[in-house]
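Heads up, the thing below is written out as structure tokens.
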Amino acid sequence: MNVLECARVAGGQDHEVRYEAEKERISKSKVKETVKKVGNSRKKVEANLEK
């Protein structure tokens, strides 16, 4: 985990959503949907996106 990453993904912050979307190579809307579904824990968001 690099310095820019934190434990949470702020779904309302475009830069955080964009960062996660680019990192996972998915759309920003998918990141937002996932944050709404599992909460803003980065570990939970990333685990759900890997499914």
Side-chain angles (χ1 to χ4, degrees):
M1 183 174 279
N2 70 36
V3 176
L4 296 176
E5 292 180 323
C6 65
R8 308 254 181 241
V9 178
Q13 297 291 321
D14 188 61
H15 65 280
E16 288 199 29
V17 173
R18 184 176 56 247
Y19 170 77
E20 195 65 35
E22 289 173 0
K23 183 176 134 190
E24 299 292 332
R25 296 183 176 159
I26 59 170
S27 69
K28 293 190 312 184
S29 62
K30 181 67 176 170
V31 174
K32 288 182 180 184
E33 289 173 21
T34 303
V35 170
K36 286 181 182 178
K37 180 179 174 183
V38 302
N40 65 352
S41 164
R42 187 169 302 275
K43 286 183 181 182
K44 288 181 181 178
V45 169
E46 290 176 352
N48 191 273
L49 291 172
E50 291 173 3
K51 290 183 179 179

Nearest 0.5 angstrom please: [X] [atom1] to [Y] [atom2], how far?
X: Glu33; Y: Leu49; atom1: CD; atom2: CG; value: 10.0 Å
X: Lys28; Y: Tyr19; atom1: NZ; atom2: OH; value: 16.0 Å
X: Glu16; Y: Asp14; atom1: CD; atom2: CG; value: 10.5 Å
X: Glu20; Y: Ile26; atom1: CD; atom2: CD1; value: 7.0 Å

- Might you work through the side-chain contact (heavy atoms from CB on, under 4.5 Å) test for Asn40 and Val45, ending with a clear yes or no? CA-CA 7 Å; Asn40 65 352; Val45 169; 5.9 Å; no
- Message: Quick test of your reading of the model: are Glu46 and Lys23 salt-bridged, counting only N-O distances below 4.0 Å?
- Response: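 Salt bridge between Glu46 and Lys23, a charged N being under 4.0 Å from a carboxylate O: yes.
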- Taking all heavy atoms of Lys32 and all of Val17, pick out the closest pair and write down the distance.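 Closest pair (atom of Lys32, atom of Val17, distance): CG-CG1, 4.0 Å.
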- State whether the side chain of Arg42 and the backbone N or O of Arg8 hold a donor-acceptor pair below 3.5 Å, judged by distance alone.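 Yes, because the side chain of Arg42 sits within donor-acceptor range (under 3.5 Å) of the backbone of Arg8.
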